[in-house]
Amino acid sequence: MSEAKFRDIAQQIEARIDEGHYPAHSKLPPHRELAAEFNTTPVTISKAYKLLAEHKRVESFVGRGTFVLAPPSLGQAIQAQDGEGYNFSILQPCMHLNLSQVRQAYRDATEYLDTALLSYTEGSGHQAHREAGVKWLKHFGVSDANLENTLLTSGAQHALSLVISALTQSGDVIAVEALTYPGILAISELSNRSIVSVEMDEYGLCPKSLKRVLKTHKPKLVIALPSHQNPTGATMNASRKKDIAKIISSSSTYLVEDDIYAFLNDDITPAISTLAPDRSIYITSLSKAISPAMRCGFIKAPDYLIPTLNAHIRADIWLASPLNFVAATQLIQSNAALTLAAAQKAEAEQRQHLAKEVLGTHCVNGSGFHLWLPLPRHWSSERFTAEAKRRDITVSSGVHFSSDGKGESHIRLSLMAIRSQDQLKAGLLALKSLIETKPLPNVEF
């Protein structure tokens with residue numbers, strides 16, 4: 001039997017899953033039945049099923065068979081937990097630091113409302129709001145942003161969905177980091193786009209792997225998070241950005257640069273999109289720096305794509321809420337937004353230090369708002385997440401961030417959603433205790 005035989009069969013089965021031939025939770029055919037269909041042996045089918053299990057597409061049970069796993073949902077990965085317990089799941093700013101100024105910005109916004117702002121407008125939004133967006137973008141390394149190439153969206157998630165909808169079609173391939181933000185995976189799953197993984201290193205997207213993926217799979221888009229990458233925390237330096245820009249510039253693929261955490265960088269370096277301006281779309285928002293509820297996102301795109309993106313914005317939401325952008329514009333133009341962002345950065349640095357102090361050798365990869373925490377061998381991320389939940393601790397399993405089935409040995413911890421550093425320390429101590437506790441062995445019935 002050739003080594004490629006079971007892998008080829010696994011790919012065919014996976015295609016059937018993606019096409020709905022084998023729906024989520026359905027039982028796959030017995031080994032002998034598929035062996036006859038593929039003119040092979042039950043052992044080969046067993047190897048194919050094992051590979052699919054490693055990629056989190058199926059799950060096998062002794063005596064019951066093999067079943068299709070439902071794709072991870074965004075709701076499972078990111079849980080906005082209220083009430084008691086410790087929420088290490090959702091990435092958001094420490095809102096008590098920003099609350100008074102955000103409240104005041106919305107109070108002040110009402111003074112600017114007139115018939116023009118309360119009516120429809122052409123393009124993605126009002127000129128004054130796009131001017132504020134240009135100022136924000138330029139501050140974080142997008143030097144070529146201007147009124148004509150900057151669009152307004154209802155947050156970065158809307159911007160990602162918009163770009164994927166506008167520039168790809170059902171069945172197209174999108175390349176993403178091997179470990180990536182679950183919102184990207186959710187959009188791709190719901191819109192029937194195929195995902196292919198690009199390997200990563202300490203600086204994020206790996207150039208050699210990107211070249212291979214572009215040559216082999218010819219994706220329509222490559223999506224990358226260059227700053228404090230979610231979930232690994234990797235940040236691209238200027239050299240890596242130049243390498244990625246060079247590869248993208250010589251391809252027919254678009255780069256989508258999701259730089260929502262740029263405000264956490266110590267040094268501002270040129271955005272990749274400024275180095276490959278004809279093939280790159282830059283996305284950011286105020287959700288992490290100011291407030292998730294503000295829903296103010298910005299897209300900077302090549303001039304020739306602006307009419308297409310504008311048309312999709314109009315068909316989708318017509319325009320992002322002017323009320324939110326009035327408040328955001330006052331904060332940006334007064335430089336209060338930069339002050340709030342700097343306060344979040346300082347708080348994040350303090351919390352990273354606290355996490356390293358409490359977790360010690362368990363804490364390996366920490367950056368910005370979160371940690372990418374490896375688990376000891378005696379824990380899988382799914383089982384650890386379930387056990388933590390029973391102790392009123394909400395964490396995010398690594399499987400939800402994996403585009404290639406390799407996130408099962410990690411969890412992601414947000415350090416910012418818990419209100420105080422004292423509460424955070426208590427939660428981290430509880431987590432450390434759980435990490436160092438061996439789970440009871442599984443019992444099969």
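A quick note: this is a predicted structure, and the numbers were derived from the prediction, not measured. Values below: all heavy atoms of this structure, side chains included; hydrogens, waters and symmetry mates excluded.
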Could you pull out the closest heavy-atom pair between [X] and [Y], with the gap in Å?
| X | Y | result |
| --- | --- | --- |
| Gly133 | Phe298 | CA-CE2, 3.3 Å |
| Ser124 | Arg130 | OG-CD, 4.0 Å |
| Phe38 | Lys5 | O-NZ, 3.7 Å |
| Ile317 | Ser154 | CD1-OG, 3.5 Å |
| Thr253 | Pro219 | OG1-O, 2.8 Å |
| Trp372 | Pro231 | CB-O, 3.1 Å |

Lys/Arg-Asp/Glu bridge criterion (N-O < 4.0 Å) met for [X], [Y]:
| X | Y | answer |
| --- | --- | --- |
| Lys211 | Asp243 | no |
| Glu349 | Lys345 | yes |
| Glu199 | Lys208 | no |
| Glu37 | Arg16 | yes |
| Asp144 | Lys300 | yes |
| Asp172 | Lys220 | yes |

Nearest 0.5 Å, what's the [atom1]-[atom2] distance between [X] and [Y]?
| X | Y | atom1 | atom2 | value |
| --- | --- | --- | --- | --- |
| His378 | Thr437 | NE2 | OG1 | 7.5 Å |
| Ser188 | Ile174 | OG | CD1 | 4.0 Å |
| Phe88 | Ser396 | CZ | OG | 11.0 Å |
| Trp136 | Thr150 | CH2 | OG1 | 14.5 Å |

Worksheet entry | Passing candidate, side-chain hydrogen bond (donor to acceptor under 3.5 Å, both in side chains) with Asn230, options Lys288, His370, Arg412 | Arg412

Discussion item. Is it the case that over 12 heavy atoms from other parts of the model lie below 6.0 angstrom from the NZ atom of Lys135?
Written reply: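 Result for NZ/Lys135: enclosed.
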
Verify, without hydrogens or angle tests, whether [X] (side chain) and [Y] (backbone) share a donor-acceptor contact under 3.5 angstrom.
| X | Y | result |
| --- | --- | --- |
| Ser250 | Ile247 | yes |
| Thr216 | Val213 | no |
| Thr274 | Pro270 | no |
| Glu257 | Ile272 | yes |
| Ser291 | Ser287 | no |
| Glu177 | Thr180 | no |
| Asn98 | Met95 | no |
| Trp379 | Lys438 | no |
| Asn265 | Ile268 | no |
| Asn324 | Met294 | yes |

Item to complete: Could you give me the CA-CA distance, side-chain angles and deciding distance for Ile283 and Ile260, then say whether side-chain contact (heavy atoms from CB on, under 4.5 Å) is met?
Response: CA-CA 7 Å; Ile283 290 174; Ile260 194 170; over 6 Å; no

Worksheet item: In chain order, what residues pass the ring-ring contact (aromatic ring centres under 6.0 Å, His included) check against His31, with sequence neighbours excluded?
Response: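 So His31 forms a ring-ring contact (aromatic ring centres under 6.0 Å, His included) with Tyr49.
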
Practice prompt. Find out whether Ile435 and Phe384 are in side-chain contact, i.e. whether some heavy atom of one side chain is under 4.5 Å from a heavy atom of the other.
Written response: yes

Would you say the side chains of [X] and [Y] form a donor-acceptor pair under 3.5 Å?
| X | Y | value |
| --- | --- | --- |
| Lys356 | Gln352 | yes |
| Tyr181 | Gln157 | yes |
| Ser89 | Thr394 | no |

Worksheet entry | Stepwise side-chain contact (heavy atoms from CB on, under 4.5 Å) test for Asp316 and His158 | CA-CA 10 Å; Asp316 188 8; His158 173 231; 3.0 Å; yes

Fill in: Residue from Val256, Leu221, Leu190 passing side-chain contact (heavy atoms from CB on, under 4.5 Å) with Ile164
Leu221

Worksheet entry | Criterion salt bridge (charged side-chain N to carboxylate O under 4.0 Å, His left out) on Glu387 and Arg383, from CA distance to verdict | CA-CA 6 Å; Glu387 183 57 38; Arg383 192 167 187 197; over 6 Å; no

